[in-house]
Amino acid sequence: MPKRILERGDERWSVTSTGRHTQYNKDEFSVLFTREDGDEREQRVARYSPLATKSREASLATLSDAELWDLLRRSQPSWTTPELGYRS
């Protein structure tokens, strides 16, 4: 999936699929948020269940910036996710 950029004030995050498959592969997938501003790198992961289309790229492309910010708000830090190897 092509990287998408979210910007709000001084915050800048890139958004992409992690590529990792879960046991619910047909119903959900993981979305990776990477902070692009500042010196310290921060990554967060959220699981997303598309409502209409099942294609990962198409479903993420249909989300508005507001919906992506909401998904980021509900995401997990990298040290709590198997997708990122529980690293901080």
Side-chain angles (χ1 to χ4, degrees):
M1 173 192 152
K3 182 167 54 169
R4 198 161 152 193
I5 301 293
L6 284 177
E7 292 185 79
R8 182 187 292 164
D10 292 339
E11 282 187 89
R12 182 178 164 96
W13 294 83
S14 66
V15 184
T16 189
S17 170
T18 64
R20 182 179 164 114
H21 299 284
T22 68
Q23 63 186 356
Y24 306 106
N25 185 41
K26 294 182 181 181
D27 298 325
E28 75 176 18
F29 61 94
S30 299
V31 179
L32 174 64
F33 294 91
T34 305
R35 188 175 208 127
E36 298 286 333
D37 57 349
D39 296 331
E40 191 174 319
R41 181 178 169 148
E42 180 181 356
Q43 291 185 309
R44 299 184 65 85
V45 173
R47 293 204 175 80
Y48 170 66
S49 298
L51 298 176
T53 181
K54 295 295 183 183
S55 164
R56 292 173 184 204
E57 292 79 14
S59 63
L60 276 178
T62 62
L63 289 176
S64 69
D65 284 354
E67 290 170 316
L68 284 172
W69 280 111
D70 185 55
L71 196 58
L72 174 60
R73 184 183 57 79
R74 293 182 282 124
S75 65
Q76 298 174 252
S78 60
W79 57 271
T80 65
T81 62
E83 290 88 342
L84 298 176
Y86 300 104
R87 68 180 183 270
S88 52

Query raised in the report: Could you walk me through whether E83 and R47 pass the salt bridge (Lys or Arg N to Asp or Glu O under 4.0 Å) check?
Result: CA-CA 10 Å; E83 290 88 342; R47 293 204 175 80; 2.8 Å; yes
Requested in this report: Enter the distance from F29:CZ to S49:OG here, rounded to the nearest 0.5 Å.
Outcome: 8.5 Å
**Report entry** Contact summary for L6 and F33, nearest pair of heavy atoms
**Finding:** CD1-CE2, 4.2 Å
Query raised in the report: Hey, are R8 and D65 close enough for a salt bridge, meaning a charged N less than 4.0 Å from a carboxylate O?
Result: no
**Report entry** Heavy-atom check, side chain of R41 versus side chain of T34, under 4.5 Å
**Finding:** yes
Requested in this report: Compare all side-chain heavy atoms of W13 with those of E42 and state whether any distance is below 4.5 angstrom.
Outcome: yes
Requested in this report: Would you indicate whether the side-chain heavy atoms of Y86 and T80 approach each other to under 4.5 Å?
Outcome: no
Query raised in the report: So does R12 pair up with E36, basic N to acidic O under 4.0 Å?
Result: no
**Report entry** Side-chain heavy-atom pair T81, T18 within 4.5 angstrom cut-off
**Finding:** no
Query raised in the report: Quick one: are L84 and V45 in side-chain contact, heavy atoms under 4.5 Å?
Result: yes
Query raised in the report: Does I5 reach the side chain of V15, with side-chain heavy atoms less than 4.5 Å apart?
Result: no
Query raised in the report: Side-chain contact, heavy-atom cut-off 4.5 Å: Y48 with R74?
Result: no
Query raised in the report: Rounded to the nearest 0.5 Å, how far apart are CZ of R44 and OG of S75?
Result: 3.5 Å
Query raised in the report: What distance do Q43 atom CD and W79 atom CH2 have between them, rounded to the nearest 0.5 Å?
Result: 15.0 Å
Query - Non-hydrogen side-chain atoms of R4 and L63 separated by less than 4.5 Å - result: yes
Query - Straight-line distance of L60 CG to S17 OG, nearest 0.5 Å - result: 7.0 Å
